[in-house]
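These notes concern the structure reproduced below.
These numbers come from the heavy atoms of this one structure, side chains and all, not from hydrogens, waters or symmetry mates. Proteins get letters first, then strands, A, B, ... in listed order; numbering begins at 1 in each.
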Amino acid sequence: MPRVFALVDCNNFYASCERVFQPRLRDRPIVVLSNNDGCVIARSNEAKAMGIPMGAPFFRFRRLAQHRQVEVFSSNYALYGDMSARVMRILQEYTPSLEVYSIDEAFLDLSGHARRDLGAYARELALTVRRSTGIPVSVGIGPTKVLAKAANRIAKRNPETGGVLDLAALGPHVDAHLERIAVRDVWGIGKRWAEKLEQLGIGTAAALRDADPSLVRRRCSVVVERIVHELRGVSCLALEEAAPPRRQVLTSRSFGTRVERYEDMREAVATFAARTAEKLREDRARAQALTVFLQTSEHDHRTPQYSNAATVPLPRATQDTGELIRAAMDALDRIWKPDHRYLKAGVMLLDLVPEDADQAVLFGAPGEAKRRESRRLMHVLDGVNRDQGTGTVRYAAEGLRKAWRMKQERRSPAYTTRWDQLPVAKG
DNA sequence: TCTGGGGTCCTAGGACCC
DNA sequence: TCTGGGGTCCTAGGACCC
């Protein structure tokens with residue numbers, strides 16, 4: 001049976017989230033910044049039209065933003081995550097076969113709907129999401145994921161589609177559209193492969209579709225070869241409804257101010273370890289190894305550069321914050337070098353195994369009582385921090401000063417996830 | 001000028017995504 | 001002064017084993 005995929009994508013997602021709770025932002029240019037207020041990671045259409053590029057370091061556009069009265073926000077992941085969950089719940093009602101691909105995108109398998117008018121169906125879906133959440137979405141429909149992505153792109157760029165496009169409805173006009181999509185803009189083709197493909201005379205989505213798959217495999221990789229097939233309508237990338245268990249989990253941050261003191265670095269790394277441990281427990285997993293890395297700024301040419309990482313095995317798979325902090329401190333001591341201005345550090349947990357994988361074996365085994373105690377403690381810790389906010393209860397090693405804390409000067413309130421920050425309707 | 005051959009496992013690095 | 005964070009997959013090459 002031929003497959004039919006839809007890609008639903010929230011338009012300018014972070015900017016749209018900010019807009020939902022501040023109606024005065026309608027029609028205003030908005031940008032949202034990365035952690036540490038470093039780069040531009042989302043823009044409303046108005047901001048795009050001013051030529052503020054995606055990923056640009058914000059300091060280069062600060063004056064323009066000020067001059068043109070751009071609304072600037074620090075990123076607010078509590079808000080975006082919650083809005084994303086609302087959107088996904090609605091999509092779930094429309095189809096059980098859904099892959100949440102990212103915070104603002106989902107693939108839907110519409111193969112069972114193939115005889116209905118998919119365009120009308122998708123328009124209704126988009127309207128429902130808009131009405132219930134305030135978030136505008138675009139929908140692209142095609143026989144493969146790569147083509148659904150392309151259809152979505154075409155829908156966004158052609159206002160007459162109303163943000164919804166079924167590739168099948170284009171008939172022979174598909175070619176003209178694929179010829180206008182640069183190969184760089186095909187899903188899965190990044191800068192490097194685009195350069196390579198262009199050298200081979202393959203510059204557009206249409207040209208990639210018509211390229212020799214074995215040549216593409218030799219010169220690029222099997223991944224790019226698959227994209228050729230996908231562009232031809234042969235589905236190689238399946239819908240992944242149940243996300244496979246994560247293989248690693250990582251917390252890292254650039255510091256608000258450079259870190260030079262050992263004590264500050266210990267505090268930061270302990271904090272990252274604690275946060276990573278929390279994510280690990282959310283995943284109901286344990287880790288068998290831990291990596292700490294740190295680095296100076298590659299943009300800073302006047303002070304010595306250094307970056308390094310150390311991995312320590314964990315004697316037994318664990319999800320205990322205390323144990324993970326201790327391991328992180330050991331790893332840090334192996335790579336710490338004084339007299340450097342550190343920009344960034346992080347903690348990564350590796351070789352994850354399911355929480356209960358070895359429980360039968362360990363029942364009654366030495367250390368099992370201690371482990372159960374740890375589990376209860378972690379449960380309480382997570383409960384409090386979930387209800388009262390991250391970091392309400394924490395380990396002493398995480399510190400109080402946090403001189404290195406990231407910069408977030410323009411964050412909007414957590415409208416939807418904190419009672420004390422609910423928006424107030426004035427009568 | 002010679003120094004087997006093949007399989008598996010692991011890791012580092014490069015590529016991509018949002 | 002000021003340049004994000006968190007993932008995945010694939011491949012090449014080395015270690016190790018028989």
Which part of the nucleic acid does A:N35 contact within heavy-atom distance under 4.0 Å: base, sugar-phosphate only, or nothing?
sugar-phosphate

Have a look at A:I103 and say if it touches a base, only the backbone sugar-phosphate, or nothing, with a 4.0 Å heavy-atom cut-off.
nothing

Reading DNA chain C from 5' onward, which residue's closest nucleotide shows up sooner: A:F59 or A:P244?
A:F59

With nearest nucleotides of DNA chain C determined for A:R62 and A:V222 from heavy-atom distances, which residue corresponds to the more 5′ nucleotide?
A:R62

Determine the interplanar angle of the A:W404 and A:F255 rings, folded into 0 to 90°, and report it as parallel if under 30°, tilted if 30 to 60°, perpendicular if over 60°.
perpendicular

Please determine if a side-chain N or O atom of [X] lies less than 4.0 Å away from the OP1 or OP2 oxygen of [N].
{"X": "A:S252", "N": "C:dG4", "answer": "no"}
{"X": "A:R258", "N": "C:dT1", "answer": "no"}
{"X": "A:S34", "N": "C:dT3", "answer": "no"}
{"X": "A:K344", "N": "C:dG5", "answer": "yes"}
{"X": "A:R226", "N": "C:dC10", "answer": "yes"}
{"X": "A:K149", "N": "B:dC18", "answer": "yes"}
{"X": "A:K407", "N": "C:dG4", "answer": "no"}

Determine the interatomic distance between C1' on B:dG4 and the same-named atom on C:dC16; round to the nearest Å.
16 Å

For the residue pair A:S138 and A:N11, confirm or rule out a side-chain donor-acceptor distance under 3.5 Å.
yes

Identified ring-ring contact (aromatic ring centres under 6.0 Å, His included) partner of A:W336 from the options A:Y306, A:F293, A:Y262
A:Y262

A:V72 and A:R62, any side-chain heavy atoms less than 4.5 Å apart
no

What nucleotide, of C:dG7, C:dG6, B:dC17, holds the atom closest to the side chain of A:T251?
C:dG6

Of the candidates C:dG4, B:dC16, B:dC18, the side chain of A:W193 sits closest to B:dC16

Establish, yes or no, whether a centroid distance under 6.0 Å links the rings of A:Y80 and A:Y14.
yes

